[in-house]
A.B. asks: 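Take this structure, written in structure tokens, and hold onto it; I'll ask about it next.
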Amino acid sequence: QVQLVESGGGLVRAGGSLRLSCTASGFIFRIFTMGWYRQAPGKQRALVAVISSGGTTNYADSVKGRFTISRDNAKNTVSLQMNTLKPEDTAVYYCNAELPGGFWGQGTQVTVSS
């Protein structure tokens with residue numbers, strides 16, 4: 001019954017912004033760390049941002065100062081606000097829940113044109 005559904009991806013010009021959302025169900029959302037990862041063409045899946053149950057955040061160096069992760073425990077959602085997007089941000093973005101064994105969403109494509 002665990003499910004993570006991402007939305008908000010799309011095509012944007014360099015310098016633009018997008019906001020990704022992940023809606024979770026099937027587990028006690030509020031007690032688990034949540035994160036966003038991405039996989040660019042030809043590269044391994046990599047951490048973008050993570051937020052603990054208490055709200056502590058960590059970011060990849062490449063997105064610090066541009067991206068913000070947040071969560072709304074009342075709505076079982078985790079979001080990623082992406083500003084000042086760069087072409088190198090182009091990737092499939094995945095929502096992750098740090099449940100035993102790990103759980104992932106289906107991914108949402110973000111494409112940033114130069």
Side-chain angles (χ1 to χ4, degrees):
Q1 292 186 330
V2 172
Q3 189 172 50
L4 302 172
V5 180
E6 300 99 331
S7 62
L11 175 64
V12 65
R13 293 185 181 274
S17 298
L18 285 172
R19 185 175 180 87
L20 308 182
S21 294
C22 171
T23 300
S25 60
F27 62 100
I28 307 173
F29 177 84
R30 61 179 172 83
I31 69 173
F32 289 98
T33 294
M34 300 293 297
W36 286 96
Y37 291 70
R38 67 187 181 187
Q39 188 165 22
K43 296 186 177 181
Q44 297 292 314
R45 189 175 298 185
L47 182 143
V48 176
V50 62
I51 184 166
S52 74
S53 61
T56 300
T57 59
N58 277 295
Y59 298 90
D61 288 343
S62 59
V63 307
K64 285 181 179 178
R66 300 189 297 120
F67 291 11
T68 302
I69 188 171
S70 61
R71 66 191 297 158
D72 186 339
N73 290 336
K75 298 196 291 185
N76 285 9
T77 60
V78 59
S79 298
L80 185 70
Q81 178 66 46
M82 305 185 294
N83 298 325
T84 319
L85 283 160
K86 304 175 180 179
E88 64 186 16
D89 295 320
T90 294
V92 178
Y93 284 70
Y94 296 91
C95 181
N96 170 255
E98 288 191 8
L99 295 164
F103 287 88
W104 300 86
Q106 81 286 352
T108 185
Q109 177 71 48
V110 172
T111 303
V112 184
S113 62
S114 61

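Here the structure is a predicted model, which is why all the values come from computation and not from measurement.
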A.B. asks: With side chains defined as the heavy atoms from C-beta onward, is the minimum distance between Leu18 and Val110 less than 4.5 Å?
C.D. replies: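 Contact flag for Leu18/Val110 side chains = yes.
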
A.B. asks: Got a second to check how far Asp72's CG is from Thr77's OG1, nearest 0.5 Å?
C.D. replies: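 If we round to the nearest 0.5 Å, Asp72:CG and Thr77:OG1 are 4.5 Å apart.
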
A.B. asks: For the atom pair CD (Gln3) and CZ (Phe103), what is the distance rounded to the nearest 0.5 Å?
C.D. replies: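 Reported to 0.5 Å precision, the distance equals 12.0 Å.
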
A.B. asks: Return yes if some donor-acceptor pair links the side-chain N/O of Glu6 with the main-chain N/O of Cys22 below 3.5 Å, else return no.
C.D. replies: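 It does not hold such a pair.
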
A.B. asks: Side chain of Gln39, backbone of Lys43: donor and acceptor closer than 3.5 Å?
C.D. replies: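 Side chain of Gln39 to backbone of Lys43, a donor-acceptor pair under 3.5 Å: yes, one is there.
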
A.B. asks: Has the side chain of Thr90 got a donor or acceptor atom that lies under 3.5 Å from a matching backbone atom of Val112?
C.D. replies: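 Side chain of Thr90 to backbone of Val112, a donor-acceptor pair under 3.5 Å: yes, one is there.
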
A.B. asks: Check for a donor-acceptor pair, side chain of Thr108 on one end and backbone N or O of Gly9 on the other, with a separation under 3.5 Å.
C.D. replies: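 Pair found, side chain donor or acceptor close to backbone of Gly9.
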
A.B. asks: Count the heavy atoms of every other residue, nucleotide or ligand shown that sit under 6.0 Å from CG of Leu11, and state whether that count exceeds 12.
C.D. replies: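 Yes, the 6.0 Å shell around CG holds more than 12 heavy atoms from other groups.
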
A.B. asks: Once you round to the nearest 0.5 Å, how far does NZ of Lys64 lie from OH of Tyr59?
C.D. replies: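 So the NZ of Lys64 and the OH of Tyr59 are separated by 10.5 Å.
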
A.B. asks: Using 0.5 Å steps for rounding, measure from the CG atom of Asn96 to the CG atom of Leu47.
C.D. replies: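 Answer rounded to 0.5 Å: 8.5 Å.
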
A.B. asks: Do Thr57 and Arg71 have side-chain atoms, one donor and one acceptor, less than 3.5 Å apart?
C.D. replies: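 Note: Thr57 and Arg71 side chains miss the donor-acceptor criterion.
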
A.B. asks: Of the options Thr84, Asn83, Asp89, which is the one that meets Arg66 in a side-chain hydrogen bond (donor to acceptor under 3.5 Å, both in side chains)?
C.D. replies: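 Option passing the side-chain hydrogen bond (donor to acceptor under 3.5 Å, both in side chains) with Arg66: Asp89.
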
A.B. asks: Please report the interatomic distance OG(Ser21) to CH2(Trp36), rounded to the nearest 0.5 Å.
C.D. replies: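 Answer for the OG-CH2 pair, Ser21 versus Trp36, is 7.0 Å.
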
A.B. asks: Tell me whether the rings of Tyr37 and Trp104 are parallel (<30°), tilted (30 to 60°) or perpendicular (>60°).
C.D. replies: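 Ring orientation, 0 to 90° scale: perpendicular.
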
A.B. asks: Rounded to the nearest 0.5 Å, how far does OG of Ser70 lie from CD of Gln81?
C.D. replies: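 Nearest 0.5 Å value for the CD-OG distance: 8.5 Å.
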
A.B. asks: Does the side chain of Ser17 reach to within under 4.5 Å of the side chain of Val12, using non-hydrogen atoms?
C.D. replies: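 Side chain of Ser17 against side chain of Val12, heavy atoms only: no contact under 4.5 Å found.
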
A.B. asks: If you take all heavy atoms of Met34 and Ile69, which pair is closest and at what distance?
C.D. replies: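 Closest pair (atom of Met34, atom of Ile69, distance): O-CD1, 4.0 Å.
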
A.B. asks: Any chance CZ of Arg30 has more than 12 other-residue heavy atoms, nucleotides or ligands included, within less than 6.0 Å?
C.D. replies: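 Open: at most 12 neighbouring heavy atoms sit under 6.0 Å from CZ of Arg30.
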
A.B. asks: Is the NZ or CZ atom of Arg38 both under 6.0 Å from the centre of the six-membered ring of Tyr94 and within 45° of that ring's axis?
C.D. replies: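 The answer is no, since Arg38 fails at least one limit relative to Tyr94.
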
